[in-house]
Structures are given as structure tokens and as C-alpha cells.
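Each residue takes its place number in the sequence, starting with 1. These numbers come from a predicted model, not from an experiment. In each ligand, atom 1 is the first atom listed, and ligand 1 is the first ligand listed. In what follows, every heavy atom counts, from backbone to side chain, and hydrogens, waters and symmetry copies are set aside.
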Amino acid sequence: MCGIVGIIGKQPVAPLLVDALKRLEYRGYDSAGIATLDAGLIKRRRAEGKLINLENLLGNDPLSGNTGIGHTRWATHGVPNETNAHPHQTEKLAIVHNGIIENFRELRDELIADGYNFVTETDTEAVAHLITRSMDNGLDPRSAVSQNLERLEGAFAIGILFKGEENLIIAARRGAPLAIGYGEGEMYLGSDAIALSPFTNVLSYLEDGDWAAITSGGVEIHDVSGGRVQREKQVTVASSVMVDKGNYRHFMLKEIYEQPEVISHTLSHYLDFATSSTRFPKELPFDFANLDRIAISACGTAYLAGLVSKYWFERYARVPVDIDIASEFRYREMPLAKGGLSLFISQSGETADTLAALRYCRAQGQHIGSVVNVRESTMARESDAIFQTLAGPEIGVASTKALTCQLSVLASMAVAVGRAKGVLSGQQEEKLVHNLSEAPKFANQALKLEQEIQKIAGDLAKVKHVLYLGRDTNYPLALEGALKLKELSYIHAEGYAAGELKHGPIALIDEDMPVIVIAPHDKIFDKTVSNMQEVAARGGRIILITDRTGAAKASMDTEHTLIMPDMPDILTPLIYSIPAQLLAYHTAVFMGTDVDQPRNLAKSVTVE
Ligand code: M6R
């Protein structure tokens with residue numbers, strides 16, 4: 001939810017901290033701050049709002065010092081102002097924190113009773129005073145941190161700098177990710193590999209309950225029992241080049257345009273185009289042929305990818321799928337048969353609710369599979385099998401290429417399971433694999449519609465409410481179109497299964513209500529046409545996204561008809577995502593909202 005970074009360097013670290021925070025800003029952008037040690041004294045600068053405000057502040061009032069920590073915030077406790085911005089400081093230390101300390105009230109009351117003065121509304125300040133109190137009582141920094149970690153309830157990753165300790169940063173993690181980076185006589189700490197990518201690609205990931213004392217000479221890691229442990233050093237492929245906007249105005253637009261390439265990359269990992277067959281690792285801990293049920297959990301757009309895959313698994317593999325929003329699933333106490341497959345879908349691999357659902361399923365004796373984009377993520381590390389999406393870093397808060405890569409993996413998997421179970425013949429597998437191989441071509445064709453979509457967006461930018469309709473695999477896409485529009489343009493939008501319209505939402509239809517109908521010409525197209533007629537009869541404004549055959553057959557008056565290429569059914573949720581993304585993107589651009597960092601959101605939601 002927040003991004004943290006720490007550096008023990010050989011040169012002034014303030015510019016490096018800011019540079020690393022730029023790559024973490026996707027995690028939160030309500031405020032930012034850094035603290036350094038200058039001749040043993042802690043100095044800090046903090047600013048409300050985007051990182052640029054901190055940069056400007058540092059331009060006028062620079063910080064020196066070769067050791068420092070930094071933070072970019074997504075507010076959980078306390079409004080996003082300078083006082084609540086991290087690092088939080090006491091006389092002895094400065095701390096940055098990602099996560100939530102659930103028992104902070106109890107700790108705060110106890111510390112106030114002991115004479116400690118609180119100046120912020122944050123939960124983090126309780127941790128700062130807790131450790132300070134132990135140091136006031138004579139403990140050294142290492143003992144003070146390790147002794148107090150067990151008092152903290154909740155999920156967190158922290159980095160702490162101590163007055164007079166130029167060669168020390170202490171870090172700890174429980175439930176939120178934290179990586180240690182190794183340099184030449186320099187050491188780093190960061191929420192992810194990309195933050196540290198210009199400095200080092202050699203990393204160790206702390207495990208849950210670990211705390212670490214980082215010095216310029218290396219790191220000393222202790223596990224939850226306090227014993228010294230080694231965490232494997234890994235060479236990561238994360239590169240700062242990948243997080244460049246290039247010539248695009250926004251990351252989101254760049255990521256939309258990357259889709260033909262990343263879909264192709266992902267599909268070719270799971271499909272063998274030469275033999276027109278699927279290829280999943282042979283050494284999976286479960287057998288596709290024996291699957292008789294799959295439980296899927298995820299959040300937001302990733303959940304909608306899962307919802308599309310329910311249709312695919314049930315249609316192509318005849319395997320029933322239970323799918324839940326992870327925040328509901330984790331408390332639903334669903335009975336799960338031992339040895340079944342639970343599948344988790346996540347771009348970041350760090351979403352707290354999805355991770356909690358994963359741990360619940362693990363405790364129920366399920367096999368754990370994850371469709372994740374970040375291979376080094378917690379979810380990937382806690383899974384028995386990783387089905388990685390090869391989307392590359394997604395920086396725009398709105399998920400675009402991550403979704404189409406998730407769909408690419410899930411479609412390939414449904415076909416593989418169908419074939420393994422004998423539901424699909426070799427010929428049927430061949431045909432579906434061939435169909436999927438055409439996704440990059442159709443994605444390119446969909447991108448060519450951008451100018452036309454821009455015109456429709458000009459009209460959408462003038463309305464207050466929008467309804468999206470779809471059926472079958474395009475019903476989740478209607479939900480996704482509405483989610484994208486809401487999060488980017490702040491226009492109220494709802495997605496519905498087209499057949500559900502007459503059960504309530506039709507009451508909303510009037511001449512001010514655009515209804516976006518996602519309806520490729522498929523076996524239930526005629527049903528959707530009936531729903532459009534219901535809308536037209538009530539004066540609703542129809543924006544139809546269909547194909548050449550659909551446009552010809554609908555023969556209806558629409559405000560706009562966007563004509564996509566004709567394509568096989570299995571591809572429509574993948575390819576029709578693109579006009580939905582472009583529509584939301586251009587509407588947001590028209591409205592002047594912050595496309596890459598919409599208000600109140602964060603890319604990775606690592607709190608409950
Ligand atoms: O990293 P995850 O895929 O687990 O994230 C899940 C959701 O938070 C995410 O898809 C969110 O809904 C996006 N902002 C939607 O564009």
C-alpha cells in the first residue's frame with residue numbers, strides 16, 4: 001500500500017532515495033518523505049501530495065548524508081498531510097512503514113501513560129515510540145526492535161534509522177513485502193525489486209516474521225524465533241528501463257499498447273504453436289486430469305479475469321469453478337475438499353485479501369496455484385505452482401495488460417485441463433490453440449480503433465452515469481468496463497449481465513443514460529439484441545461494441561457502433577478488453593483526471 005526504501009551508500013543518498021521512490025509511487029502517492037543521517041543526526045523532509053512536491057522541497061532545502069530511508073504513502077490512518085507523512089521521528093530514530101498496526105490504539109494509550117507525546121494520527125507513530133521507549137530504558141537498537149516486534153499486531157514492513165548509527169538500518173516484515181539489495185560496499189532495502197533496480201539486481205527477500213540489521217558490509221537476518229537465518233540471494237530480472245513511459249503520455253496508454261506483445265509472450269509460454277498444443281509443466285504437484293473442482297479467489301480486475309475463466313473451465317474442461325472476491329472468501333469459511341486446487345490471480349502477488357484467502361486454502365489442505373505477474377511476490381513464493389503472466393511491470397494503477405495476460409494464461413489452462421481430462425479431443429485442442437495464437441493480431445486491430453473510441457469518450461465525458469451490459473464471457477467484461485471507467489474518470493458506472501437488465505436496472509434508462517453493450521456476434525447475440533431493444537424503447541443511448549456480423553445483424557439505431565474484427569469466441573474477452581480500456585482512458589483524459597494515479601487508489605493493496 002505504501003512504498004519504502006532504505007540505502008546505506010558511499011555518497012549522498014537523498015537523490016537516490018527520491019529516484020527509488022519514483023518507482024514505488026504506484027504503491028501510494030498521498031505524501032512522500034525521506035530521512036537521512038547527517039553527522040549522526042536525523043534530518044528529514046516530507047511533503048503532502050505527489051513525489052514532485054518532495055522533490056521541489058529538496059531542491060530548495062537539500063539533505064546530505066550517506067544513509068537514509070524514504071517512503072511514499074497511501075493513507076490508512078490519518079489524513080494525507082505533511083504531519084502524517086513518513087518518516088516518523090522521535091529523538092532516537094526515524095521510521096518508515098507499509099501496512100497497518102492493528103493494536104496501535106492500545107500501544108498509544110500505554111505510551112502516552114508513560115509520558116510519550118504523539119503528534120500524528122498514524123498507527124506508525126506508536127511503533128516509533130515503542131522502540132524509543134526500549135532504547136530509553138537502555139537497550140541497543142537491535143534489541144529494542146527485536147524485543148518489540150512481538151507486540152505489533154497486523155501486517156507491516158518497516159525500515160528504521162537510528163541517531164548516531166550511520167552504518168545501520170533495521171528492517172522487519174510481517175505480511176508486507178521487503179527486499180534487501182546487495183551492492184559493492186553499499187546496501188539497500190525496498191518494497192520491491194523494481195525500486196532497487198538501478199542500484200542492484202542481487203536481492204534477498206525477507207520472510208514473514210524476519211527482521212534484519214543492514215550495514216554497509218552486509219545483512220544479518222533473524223527469523224521469528226530470533227535465530228540467525230540466511231535468505232537466499234537471487235538475481236532479479238527487474239529493470240528500471242521497463243518502467244519508462246517512452247513516448248507515451250501516460251503509463252496506462254503505453255501498457256495498453258504493449259498488449260499484442262505481452263499477450264504473445266505469455267501465450268507462447270503456455271502454448272506450443274508449432275504443434276498446436278498446450279504446454280504446462282509436467283512436474284506440477286497436482287494432475288490436470290484429476291481436477292474435479294477449482295476454487296478461485298482474487299480482487300478487482302484480477303477477480304474479473306477469474307470470472308471469465310469460470311466460463312472457460314466449465315465449458316472447455318467441464319470442471320466446476322467456485323469463484324469469490326477474496327475479501328469475502330477469506331471470512332466465508334467455505335468447506336474445501338483436501339487435495340483440491342485453489343487458484344489465486346493477482347498482478348502484484350501482494351494483495352492482502354487474496355493472500356489471506358490463499359493461506360486459508362493452504363490450511364484446508366488445498367493445492368495452491370497462482371496466476372501472478374511478479375514472480376518474486378509473496379503469493380508466488382507461497383504457491384505450489386506458479387503460472388506467471390509475462391506482462392512486465394504494470395505501473396498505471398488501472399490494470400490493463402495484466403488482465404489480458406491473466407486471461408491468456410487462464411484460457412490456455414482451461415484448454416490444457418480439458419485436454420488432460422479427455423473432454424477436448426486433440427483436434428479441438430488444436431483448433432482452440434490456433435484461435436488463441438491469433439490474439440496478438442486481433443489486439444493490434446483493436447488498437448487501430450483508438451481515434452474512433454476517442455470520439456465516443458468525448459461524449460461519455462459529459463455524463464454522470466453509464467451502464468455496461470454483456471453476456472456470457474463478456475458479462476465480466478461489462479463489469480470490467482464499468483470498473484475502469486469509475487476508477488479513472490470518477491463517472492459512476494455499473495456493469496450488468498444483459499439478461500438481468502429487466503430485473504431492476506432498466507428503471508435507470510432515460511435519454512441521459514449511455515448504455516455500452518459489449519456484444520460480439522456469438523450464439524447468444526440475438527438475446528442481447530432483445531435487451532438493446534428494451535433500452536432503445538425507453539429512449540436509452542446505445543453504444544454498441546460488436547463485430548462486422550453483429551453490426552449487420554443488429555440493424556438498430558445506435559448512438560455509436562464500434563466495429564471490431566470478427567474473431568473466435570474464446571478471444572472476445574481478451575480483445576474486447578482493449579476498447580473498454582481505451583474508452584475509460586480517453587474519457588479520463590477528457591475530464592483531466594490523473595490517469596496513472598487516480599485519486600484514493602493504490603496499485604497494490606497490501607492492507608485489508
Ligand atoms: O495486484 P492485484 O492484481 O492482486 O490487484 C487487484 C486489484 O486491486 C486490481 O486489479 C484493481 O482492481 C485495479 N486497480 C483495477 O484496474
Original post:
Which class fits the ring pair Tyr270 and Phe387: parallel under 30°, tilted 30 to 60°, perpendicular over 60°?
Top reply: tilted
**OP:** Could you find the nearest protein heavy atom to atom 8 (O) of ligand 1 and give me its residue, atom name and distance?
**Re:** Val605 CG2, 4.2 Å
Original post:
Starting from atom 1 (O) of ligand 1, which protein heavy atom do you reach first, and at what distance in Å?
Top reply: Ser348 OG, 2.7 Å
Original post:
Asp30 and Asn84: side chain to side chain contact (heavy atoms under 4.5 Å, CB included), yes or no, with the steps?
Top reply: CA-CA 10 Å; Asp30 288 337; Asn84 289 330; over 6 Å; no
Original post:
Does any non-hydrogen side-chain atom of Glu255 lie less than 4.5 Å from one of Tyr585?
Top reply: no
Subject >> Top protein contact for atom 5 (O) of ligand 1, by heavy-atom distance >> reply: Thr351 OG1, 3.5 Å
**OP:** Determine whether the side chain, the backbone, both or neither of Glu487 has a heavy atom under 4.0 Å from any heavy atom of ligand 1.
**Re:** side chain
**OP:** Considering heavy atoms of the protein only, find what lies nearest to atom 9 (C) of ligand 1 and give residue, atom and distance to 0.1 Å.
**Re:** Thr301 N, 4.1 Å
**OP:** Just jot down the ligand 1 atoms closer than 4.0 angstrom to any heavy atom of Ser399, in number order.
**Re:** 15 (C), 16 (O)
Original post:
Between Ser489 and Thr587, is any side-chain donor less than 3.5 angstrom from a side-chain acceptor?
Top reply: no
Original post:
Would you call Glu350 a ligand 1 contact, heavy-atom distance under 4.0 Å?
Top reply: no
**OP:** For Ala398, counting its heavy atoms only, list the atoms of ligand 1 lying under 4.0 Å from any of them.
**Re:** 16 (O)
**OP:** Test Lys310 against every option in Asp322, Val321, Ile296 by the side-chain contact (heavy atoms from CB on, under 4.5 Å) rule and name the one that passes.
**Re:** Val321
Original post:
Between Leu483 and ligand 1, is there a nitrogen or oxygen pair with a distance under 3.5 Å?
Top reply: no
Subject >> Neighbour count above 12 (heavy atom, 6.0 Å) for His265 NE2 >> reply: no
Original post:
Should one rank Ala302, Pro598, Cys299 by closest heavy-atom distance to atom 6 (C) of ligand 1, which comes out on top?
Top reply: Cys299
Subject >> Result of checking Leu336, Leu343, Ile294, Asp384 against Gln366 for side-chain contact (heavy atoms from CB on, under 4.5 Å) >> reply: Leu336
Original post:
What are the atoms of ligand 1, with element, lying closer than 4.0 Å to any heavy atom of Lys484?
Top reply: 15 (C), 16 (O)
**OP:** Work out which heavy atom in Lys464 is nearest to a heavy atom in Ile491; give both atom names and the distance.
**Re:** O-CG2, 3.5 Å
Subject >> Contact with ligand 1 for Thr354, non-hydrogen, under 4.0 angstrom >> reply: no
**OP:** Determine, step by step, whether Gln259 and Thr404 satisfy the side-chain hydrogen bond (donor to acceptor under 3.5 Å, both in side chains) criterion, reporting the C-alpha distance in whole Å, the side-chain angles of both residues, the deciding distance to 0.1 Å, and the verdict.
**Re:** CA-CA 7 Å; Gln259 288 179 109; Thr404 45; 2.7 Å; yes
Original post:
For Gln347, is at least one N or O under 3.5 Å away from an N or O on ligand 1?
Top reply: yes
